[in-house]
Amino acid sequence: MRDLEIRAHDFDLRMTLNSGQVFHWEKVGAGFCGAIGDCVAYVEQRGNSLRAKVEDGVLRSRRRNKGPARMAGSPTAATAAQLVQNYFALDHPLEEICESFPPDGLMNSARAFCSGLRIIRQPKWECLATFICSSMKQVAHIRQISRALRQRFGEKKQIREHDVFSFPSVGRLARTSETELLQCGLGYRAKNLLATARRIDSGEADLNSWSTLSDGELRERLCQLPGVGIKIANCAMLFAYERIAAFPIDVWIERVLRQEYFARRRKVTGQMMAKFAADHFGRYGGYAQQYLFHHARMTRKRGDNK
DNA sequence: CTCCAGGGATGAT
DNA sequence: ATCATCCATGGA
């Protein structure tokens, strides 16, 4: 397939992929290689457009014989372009979203710093499973765990001579063992990931069917899964269920809220912060949260950005 | 070496 | 309802 040319205004590919919402894209040449669901993609940004290559990524022993029976699953150019546009959420009204942010000094700084950062649409299971692995882990280590899970349990595919592994299916992880997961560096999270995979695989929980639930009901369902609490539920809602108001509060965001919005306050409970966030950041709160998170990490620390 | 990380589950106040 | 503690692991 030839390279796709996709218009992408108000978009920063590198910052979006390095902002701690997705953990598997790898820098290759002037762009990035990664999986979009069961497809593999190479994406490179040039100004206001993306140059992309998308394939089903199935390894073929012989490519010389492109007979009439094309391999099923190989996306057409139009389908591939839609896949990329949808994954990177190029349809989100980013200008409107940024204008909705409260005019704090800090929020203004974060908005300027994160120009072009978008909340992408990730597959539900992949997103939830990855964030179950994220508890008490640095971003660099989450990337390492994601890579280990993909290499051991995922399907090996190729794009531009580069190996890309899809995220393992629910069934594949449900049929593994805690011992094998421990070898991927999951530590105490292995038990939770395995239990959640099995609960979904058995049909006891159905991530896709929850798409129509209200925010509150969806959050409640997610929190019933092993290893999923309020924070990880909000991450899954924000990054995989298009609930753009969801406001995950991790250690970074908690620091920001305490210092910036609860300065000189004795007791600040999680409930207070959640209530404040919902009121203060509005219906695009998830975006505000991601901008505050990325800005805080990139300005309060050195290194770690590639 | 120590410190800390996109937390959650559990049991005690 | 809020709080203390423990849970494995490895990058910084």
Side-chain angles (χ1 to χ4, degrees), chain A residues 15-25 110 114 117 119-120 122 126-149 152 177-197 199 205 219-241 243-244 246-259 262 265-275 277 281 285-306:
Chain A
M15 182 151 38
T16 296
L17 294 181
N18 286 329
S19 65
Q21 59 177 311
V22 65
F23 304 92
H24 76 276
W25 288 83
C114 297
L117 170 51
I119 306 282
I120 71 174
Q122 299 184 49
E126 171 180 329
C127 179
L128 179 65
T130 303
F131 274 99
I132 286 176
C133 301
S134 76
S135 83
M136 294 301 293
K137 279 296 179 188
Q138 296 179 155
V139 170
H141 195 206
I142 301 170
R143 297 179 65 91
Q144 180 180 322
I145 291 174
S146 172
R147 186 162 49 248
L149 287 174
R152 183 179 284 258
S177 66
E178 184 180 342
T179 308
E180 227 175 342
L181 288 178
L182 284 172
Q183 293 173 0
C184 296
L186 270 77
Y188 65 87
R189 304 154 197 84
K191 200 184 308 284
N192 289 331
L193 181 60
L194 185 58
T196 289
R199 194 173 293 189
R219 187 177 293 109
E220 201 171 314
R221 295 291 189 105
L222 288 168
C223 284
Q224 288 173 357
L225 295 171
V228 181
I230 182 69
K231 190 269 175 183
I232 290 175
N234 276 322
C235 284
M237 290 173 64
L238 177 59
F239 300 132
Y241 282 89
R243 308 303 171 102
I244 308 193
F247 196 97
I249 299 177
D250 72 314
V251 289
W252 288 92
I253 290 297
E254 180 170 346
R255 269 199 297 265
V256 167
L257 292 182
R258 285 185 189 280
Q259 293 174 8
F262 290 92
R265 179 71 69 106
R266 213 48 81 173
K267 299 285 187 183
V268 183
T269 66
Q271 204 169 247
M272 290 170 64
M273 288 189 289
K275 166 101 33 192
F281 295 103
Y287 257 94
Q289 176 276 153
Q290 191 64 16
Y291 279 40
L292 290 172
F293 172 79
H294 187 59
H295 176 255
R297 283 190 69 242
M298 291 301 107
T299 56
R300 290 298 175 214
K301 297 271 289 183
R302 55 205 183 274
D304 196 60
N305 62 337
K306 285 189 280 194

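Below, read A as the first sequence line, B as the second, and so on, with proteins coming before strands; counting in each chain starts at 1.
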Begin with the C-alpha distance, continue with both residues' side-chain angles, and end with the deciding distance and a verdict on side chain to side chain donor-acceptor pair (under 3.5 Å) for Ser135(A) and Tyr188(A).
CA-CA 10 Å; Ser135(A) 83; Tyr188(A) 65 87; 3.0 Å; yes
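- For the pair His141(A) NE2 and dC3(B) C1', the interatomic distance rounds to 16 Å; values are reported in whole Å.
- The CD-C1' distance, from Glu254(A) to dT2(C), rounds to 14 Å in whole Å.
- A straight line from CE of Met298(A) to C1' of dA12(C) spans 14 Å, rounded to a whole angstrom.
- Note: CG (Leu193(A)) to C1' (dC7(C)) measures 16 Å, nearest angstrom.
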Using a cut-off of 4.0 Å between protein heavy atoms and nucleotide atoms, how would you tag nucleotides 6-13 of chain B 5' to 3' with B, S and -?
BBSS----
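- Distance CD1 (Ile145(A)) to P (dG11(C)): 11 Å, rounded to an integer number of Å.
- Residue Arg300(A) places no side-chain N or O under 4.0 Å from the OP1 or OP2 atom of dC4(B).
- With Tyr291(A) contributing its side chain and Gly286(A) its backbone, the two residues share no donor-acceptor pair below 3.5 Å.
- By the 30° and 60° cut-offs, the orientation of the rings of Trp252(A) relative to Phe293(A) is perpendicular.
- Residue Lys191(A) contributes atom NZ, which lies 13 Å from atom C1' of dC6(C) at whole-angstrom precision.
- Rounded to whole angstrom, the span from the CG atom of Leu186(A) across to the P atom of dC7(C) amounts to 17 Å.
- Put simply, CD on Gln183(A) is 16 Å from P on dA8(C), counting in whole angstrom units.
- Taking atom C1' on both nucleotides, dG6(B) is separated from dA4(C) by 22 Å, rounded to a whole Å.
- Between the side chains of Gln224(A) and Arg199(A), no donor N or O sits under 3.5 Å from an acceptor N or O.
- The minimum heavy-atom distance linking Asp250(A) with Ile253(A) is given by the pair OD1-N, 3.1 Å.
- The backbone N or O of Ala246(A) lies less than 3.5 Å from no partner atom in the side chain of Gln289(A), so there is not a single donor-acceptor pair.
- Side-chain rings of Phe239(A) and Phe131(A) approach one another, their centers coming within less than 6.0 Å.
- Across all strands shown, dA12(B) forms a Watson-Crick or G-U wobble pair, both distances under 3.5 Å, with dT2(C).
- Between the P atoms of dA8(C) and dG11(B), the separation comes to 16 Å (whole Å).
- Pair check for dG7(B) finds dC7(C); Watson-Crick or G-U wobble, both atom distances under 3.5 Å.
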